[in-house]
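Excluded from the calculations below are hydrogen atoms, water molecules and symmetry mates; all remaining heavy atoms, backbone and side chain alike, are included. What you see is a predicted model, and the numbers here were worked out from it, not measured in a lab.
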Amino acid sequence: MRRKGMFIAMICGVLLVSACSSGNNKPSASESSPSNSTSSAEGPKKEYVIKVLTQDNAKVKRSDETEIGKVVKEKFNIVFEYVQTPGNYADKLNLMLAGGDYPEIISISDNATFDKYVHAGALLPLDDFVANAPDFAKRYSVQIPLWRLSAYDGKLYKWEGMVPVDFRNYVEVNDIGVRTDVLKQQGYPDLLSTDDYIQFLKQGLQDNPTTNGQKTLGMIVPFAEPWGMQGISSIMYEKGGRYTAAAGNMGVIWNQVDQKFEDMMMNEYVKEGLVFFNKLYREGILDKDSFTDKYDQFAEKLNSGRALSSWYVVWGLNATNQGLIEAGLPDIQYINMPVRSMTQVERNEKRQIRVEDTRPFAIYSITKNAKHPERIQELLAWAATEEGRILLQSGFEGEQYTIVDGKRVPTEAYKKMLADPDSDEKIGLGGFEFLGNVLTSGEDGVPYNMSLDPSIQDELGLTQQARDAYSALGWSNSKDYYLQTGESAHTGVAGTIAIDTTSELGALHQRMVDFRVKNSTSLIIKPKSDEEFEALYQSVISDYQKLNPEQIVNEYNRLYQEKKTQVDQLK
């Protein structure tokens, strides 16, 4: 289950947008840096063109067609040529590895492919580079030991994009999409507990039996997706104050507070989540087609405005809202709102909001085919400096931002650029992800990628109706509740733990998952009362324990302690 994949795609979409050139007052290399790297004791360096594979059909073919790329060329005389590679990217990487014709800088989107390249000796180690690149070492101080851990020989062969992360800049929460017109009908109630939602949705169905001539649906869920019943039917555990989806997500879950893995099936919050769905089903609130609906069917219902709410799948709400406005239904809009089980509300603990320390789907490496790896490393070291980070992710002072009281403030031209996906890609923001974009803030306290500011995200990413709804709820922005009631929960070593799927324990782990998926459906639809639910639940747990699931929990915790020791040694 990679629900963050959808949300990250939205963020990456913002990062990849570029704008028209708005002036000629760009700083020269001599103005922006005390030294010009294109010259050396041996004389000027020759232009170095490096091919970068991309699956985007970008208008820009060379980095020096952009304003930022011109600065990079002036400083380092390096130009990146963007080569489109449509189709299955992992298959292409495997073919390139077999033929030895991979590029000088390579992007890899999974650990399995990365492992193949490392074992084949195709990647250059970066340990000596890090020893002489203090900004790079400081920037990735948390990540470097984890990256070394991912290689069989303990060496450093990669860096990753979109890490490190400041959770205040990237609040990744997927709870319940709620129709704002129904919130307004009921006086903008303070929804939080599962009981709150049952009462709200029950009343909403009574008040709105039809929507635009169709039967209104209480809550929709794409349970038929592979990540549906397996993942999001049990995800209540992450809404409270102890667990995150940092690791496991199949047979085990991660207790962030106690720093240990626990059994998912027997977790109290997972049980409460199933109780919630059972009550929704019994009340006629849960759409009965949810068990056969995949994402396309789910999206069709959401986009029609028929659903009063959607469980967990909230990453496409703004596109839905725009579509509803264009369809002449501007009063029907959706916003993401928090939910907690009854026990979680009672405990009122700070929610553990996952912050990923590694992103194995955004791996970058220098290969042994690099003609001048030392020049790539020189550029990589500069990209990790404050100057490099601000230029690559914020653009130019006076054009994309101004300085007010020592802080970068986005210009209207910058906001217009982000809001216009058809603007010419001339600035170059988003064109250098392979140098390692970060989701943290600069020394001035402003995110390097200024679009990560919650107020800007809302201004550009939410409809006016959605913003008005949050304001009516008393929120200062769409992330306000989560920033006030949550805290950063870094994945760390836990995010790297997995059991070999081909092993005997791996087979047992899969049986545990299959058991939970099958019986979760039964627990949602069969019980006709709370008493029947409890009786069926106890019977299911009794059968589940016959699998000896503690073997998997113990193995996850053993692997965690083992890897934690290794990481401590690699620091």
Side-chain angles (χ1 to χ4, degrees), residues 12-33 35-39 44-85 103-107 159 161-162 362 364 366 370-401 411 413-414 417-418 420-438 448-451:
C12 288
V14 172
L15 291 173
L16 288 169
V17 173
S18 299
C20 299
S21 175
S22 56
N24 297 314
N25 58 337
K26 305 293 185 299
S28 67
S30 59
E31 291 172 330
S32 59
S33 177
S35 62
N36 190 325
S37 298
T38 60
S39 299
K45 295 178 180 178
K46 294 181 180 180
E47 181 179 281
Y48 184 15
V49 179
I50 303 172
K51 291 184 178 181
V52 175
L53 303 181
T54 176
Q55 294 201 293
D56 299 315
N57 187 20
K59 298 176 183 177
V60 173
K61 303 303 180 184
R62 282 170 52 109
S63 60
D64 59 351
E65 296 175 27
T66 71
E67 299 301 330
I68 292 175
K70 290 174 183 176
V71 174
V72 171
K73 182 178 180 180
E74 185 178 357
K75 291 176 67 64
F76 300 96
N77 212 4
I78 292 178
V79 177
F80 297 99
E81 180 181 342
Y82 304 115
V83 180
Q84 188 180 6
T85 56
E104 298 178 67
I105 295 179
I106 194 165
S107 171
W159 65 97
M162 301 182 75
Y364 302 104
I366 301 174
K371 301 181 189 68
H372 304 288
E374 73 287 349
R375 291 181 63 179
I376 298 175
Q377 292 175 359
E378 182 183 21
L379 174 57
L380 197 60
W382 169 80
T385 66
E386 191 72 0
E387 175 195 358
R389 281 181 277 193
I390 288 177
L391 177 64
L392 295 176
Q393 293 192 249
S394 290
F396 298 92
E397 182 180 353
E399 296 193 14
Q400 282 72 54
Y401 65 89
T411 62
Y414 175 82
M417 173 196 74
L418 294 177
D420 182 9
D422 296 323
S423 63
D424 283 342
E425 297 172 325
K426 292 297 183 181
I427 296 174
L429 289 172
F432 298 88
E433 293 92 343
F434 48 86
L435 296 181
N437 281 353
V438 295
Y448 288 111
N449 173 17
M450 297 181 294
S451 69

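Nearest heavy atoms, Ser63 versus Phe432: CB-CZ, 3.8 Å. Looking at every heavy atom in both residues, Ile366 comes nearest to Gln377 through CD1-CG, 3.9 Å. In plain terms, the two heavy atoms of Trp159 and Leu435 that are nearest each other are NE1-C, 3.9 Å. The minimum heavy-atom distance between Leu429 and Leu391, with the atom names listed, is CD2-O, 4.1 Å. Residue Ile68 comes nearest to Gly428 through the heavy atom pair CD1-C, 3.9 Å, listed as atom of the first residue, atom of the second, then distance. Scanning both residues, Pro103 and Lys51, for their nearest heavy atoms gives CB-O, 3.9 Å.
Side-chain contact between Tyr48 and Phe76 is absent, with no heavy atoms from C-beta onward closer than 4.5 Å. Side-chain contact between Ser394 and Gln400 is absent, with no heavy-atom pair separated by less than 4.5 Å. Contact of the Val438 side chain with the Met162 side chain is not registered, since no non-hydrogen atoms from C-beta on lie closer than 4.5 Å. Contact check for Asn77 versus Arg375: side-chain heavy atoms found under the 4.5 Å cut-off.
Taking NE2 of His372 as the reference point, atom CD1 of Ile78 lies at 9.5 Å (rounded to 0.5 Å). Considering CD of Glu387 and CG of Leu392, their distance stands at 9.5 Å, rounded to 0.5 Å. For the atom pair CD of Gln84 and OG1 of Thr54, the computed distance is 7.0 Å after rounding to the nearest 0.5 Å.
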| said: The test is side chain to side chain contact (heavy atoms under 4.5 Å, CB included); show your working for Asn437 and Asn449 and say whether it passes. | reply: CA-CA 8 Å; Asn437 281 353; Asn449 173 17; over 6 Å; no

| field | salt bridge (charged side-chain N to carboxylate O under 4.0 Å, His left out) between Glu104 and Lys371, worked out | value | CA-CA 7 Å; Glu104 298 178 67; Lys371 301 181 189 68; 3.1 Å; yes

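Ion pair Lys75/Glu378 not flagged as a salt bridge, since none of the NZ, NE, NH1 or NH2 atoms sits closer than 4.0 Å to an Asp/Glu carboxylate oxygen. Taking the charged nitrogens against the carboxylate oxygens, Lys426 and Glu67 have no contact shorter than 4.0 Å, which rules out a salt bridge.
Not counting sequence neighbours, the partners of Glu47 by the salt bridge (Lys or Arg N to Asp or Glu O under 4.0 Å) test are Arg62, Lys73. Scanning for side-chain hydrogen bond (donor to acceptor under 3.5 Å, both in side chains) contacts around Tyr82 gives an empty result, with sequence neighbours left out.
In terms of modelled atom types and a separation under 3.5 Å, the side chain of Tyr414 and the main chain of Ser451 share a donor-acceptor contact. For Thr411 (side chain) and Glu399 (main-chain N/O), a donor-acceptor pair under 3.5 Å exists by modelled atom type.
Between Phe80 and Phe434, the gap from one ring centroid to the other is short of 6.0 Å.
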